[in-house]
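Just below is one structure, and these are the notes that go with it.
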Protein chains: 2
Amino acid sequence: MPTSDGPPTVETIAARAGVSIASVSRVLNGHGARPNTVRRVEQAAAELGYVPNGVARSLKGGRTRQLTFAMPDVGNPAYVSMVRQIQAVTKPLGYRLLLHSTDAVAEDELDVVRSLADRTSDGLILCPIRVTDAHMEVLARAARPVVVIGSLPGTAAVDSVRADSVSGTVLAVRHLMECGRRRIAFINGPADTVPGRNRLIGYETALREAGAVPDPELIVTTDFGIEAGARAAHRLLDAHPGIDSVFCANDQLALGAAHAAHDRDLRIPEELAVVGMDDSELARAGHPALTSVDLGSAERGRIAAEMLVARLDGGRHEVRCETVAPRLSVRESTTGARTRTAAGVS
Amino acid sequence: MPTSDGPPTVETIAARAGVSIASVSRVLNGHGARPNTVRRVEQAAAELGYVPNGVARSLKGGRTRQLTFAMPDVGNPAYVSMVRQIQAVTKPLGYRLLLHSTDAVAEDELDVVRSLADRTSDGLILCPIRVTDAHMEVLARAARPVVVIGSLPGTAAVDSVRADSVSGTVLAVRHLMECGRRRIAFINGPADTVPGRNRLIGYETALREAGAVPDPELIVTTDFGIEAGARAAHRLLDAHPGIDSVFCANDQLALGAAHAAHDRDLRIPEELAVVGMDDSELARAGHPALTSVDLGSAERGRIAAEMLVARLDGGRHEVRCETVAPRLSVRESTTGARTRTAAGVS
DNA sequence: GTGAAAGCGCTAACAA
DNA sequence: TTGTTAGCGCTTTCAC
């Protein structure tokens, strides 16, 4: 019998209510019991401020009611919106959310998947920076259900949700052409990632479908970031003053490009139209507000969470792979529509 | 003895290595054992891909190596930078981070503290929107160490880290006066919070210390957000065209104010200087880049994490309460210095 | 309807 | 050095 100190346990409650620990457990879990027993147990529990030990429960039940979300960077708005949606789905279901920032280190990603074997989490949503063979191997042996946000080889037996950055880029470049732009530059992020390659494909596709020939001179590859975007834009504009628009691989780059334009006294969009990607809060922060392609981070987060809980609750349904369609948010950085902000007056 | 299916346990390893489960545990935890025993256990564990069950470990040890961070809003950049710093401190120490978004609901905050009793987390960093008597009561009975990021009554027996929004505001307003501004408007966030009240105090203090008289007409209270900031600025400028500068309670509001200025063709900073607060990425995103007061979110996160782990590892040292000094980041929205972005040329 | 007892997987005290 | 054993706090048979 436990001594008086330490937090109350089923035994403490049982002793106080004058019943067995089995009855305590039953009452607390809403299984059948005589009204009198129920009353006494509940009263004892209330008086002692009893809270069941979640760890013991997990050990017995084999489930922790914890889910893990692993992504490259907590600070990135795209991942933040995923976190928010995942929370929205899982919290009402009583799951806690474990956050893991991998800092884009592949080995760290693999470790997260491997550590599912420690039974500390019921499932994982993984957002890898790049999917390698090692990833596929580790994912195949994962001790718990995993949903990947990103593109997997067709053969993979893992649920996944992917963005369509090819179509997203096509959307952006097509929009610029419809606005009458012809010399469209492209500031891309790291090219050795799946999205990086896909954006390039989309850029070239959109130009070709309009009968234009992509000019490699108008393409710059750089790291993500406002500063990097400004630098890249200056470089492009120094070398090719004829550029009339620029598509950027994310909103930070686009804001940097906008800063560069301002510095050179180029009017946006009259002399340089700018399009970003991700449609984060930053897009609305810029001046003029940035046209931006939303790759559906929020929706991918929501879908991934739904897939994971379905896999957890439900039976062994087949592997799912969904693709989220991109959406273009048109704002002043391409149309020049001078809206009086938040007042609805042109 | 466990059957062949299911993940391997100490017993599985013990059987395979031909030793007892105690030896398995010892070897795996680096306690003494004969070289031959070590080798056999390690080999068996490796062959079976054994990973210790973390839940069982936690039940035995009474510690989960999990920490919880509860804040009002995952999307807010200030909290995001706290998350990042908390991770930076706790991850190397082998703690997992449980994220909890309270959506600024007080009852949810209380529940987080109460749920520490379920033994599922070793400690909590709580970022309450407003500290009520109920908070103090619940905090006093917390089952695990808690560090609060925010202002607590002096009597509280809880570790805490607070920002100094009075001094932060003074910094901003004083800076504007040093820039020669005299009609300084103030767009404040919700006034019924501690920071809201403190900013007001700071605003009035800074004006009075310069011999000026605060004009209530130049103060607007509103919700946070870019749109809200734009609306408030328009309202102020409509009523008081003589305003030459505006201090805003966060960067979103300031960006909104900047948009309003652009819409009215007011040059920043020549005709309207703008100062924000939080010094988030948004400040650098604006054009011109925003001068902003950093209240030290990142540092508060780091300190809170350090306090918590100290409380966890260490003995029962006395209650700590630290205050983080604000810092002003001066940019073009007040100085007008036309820097060629990312090129270092004026 | 209720109680006694087994056991989830692990660590550590105690014996040998 | 090693093995046996007792729990950590809970849920759940299985008898009664």
Check the phosphate of C:dG9 against B:T9, side-chain N and O only, distance under 4.0 Å to OP1 or OP2. Yes or no? no
Could you list the donor-acceptor pairs under 3.5 angstrom formed by side chains in residues 78-89 of chain B, with sequence neighbours left out?
from  : atom 1 : to    : atom 2 : distance (Å)
B:S81 : OG     : B:P77 : O      : 3.4
B:S81 : OG     : B:A78 : O      : 2.9
B:R84 : NH2    : A:D73 : OD1    : 2.6
B:Q87 : NE2    : A:L99 : O      : 3.4

Whole angstrom value for the distance that separates P of C:dT11 from NE2 of B:H31: 8 Å
Side-chain donor or acceptor of A:R311 paired with backbone N/O of A:H317 under 3.5 Å: yes
Under 4.0 Å from OP1 or OP2 of D:dT11: is there any side-chain N or O of A:S25 that close? yes
Atom-to-atom span, CZ of B:R34 to P of D:dT2 - whole angstrom: 4 Å
Heavy-atom side-chain contact between A:T64 and A:T120 under 4.5 Å: no
Remember a base hit wins even if backbone is also touched, and classify A:S23 as base, sugar-phosphate or nothing at under 4.0 Å, heavy atoms. sugar-phosphate
A:I303: what forms a side-chain contact (heavy atoms from CB on, under 4.5 Å) with it, not counting sequence neighbours? A:V161, A:E299, A:M307, A:E322, A:V324
Would you mind reading off the distance between B:N29 atom CG and D:dT2 atom C1', rounded to a whole angstrom? 16 Å
With a 3.5 Å distance limit and no angle check, can you tell me whether B:R40 reaches the backbone of B:A17 through a side-chain donor-acceptor pair? yes
Interface with DNA chain C, restricted to residues 45-66 of chain B and to heavy atoms under 4.0 Å: B:Y50, B:P52, B:N53, B:A56, B:R57, B:K60
Would you classify A:A22 as touching base, sugar-phosphate or nothing, given that sugar-phosphate means primed atoms plus P, OP1 and OP2, and contacts are heavy atoms under 4.0 Å? base
Nucleotide C:dG3, atom P - distance to CZ of A:R26 in whole Å: 8 Å
Does A:D118 pair with B:R57 as a salt bridge, N-O distance under 4.0 Å? no
Check the distance between D:dT4's P and B:I21's CD1 and give it to me in whole angstrom. 9 Å
May I have the distance from A:D118 (atom CG) to C:dT11 (atom P), rounded to whole angstrom? 12 Å
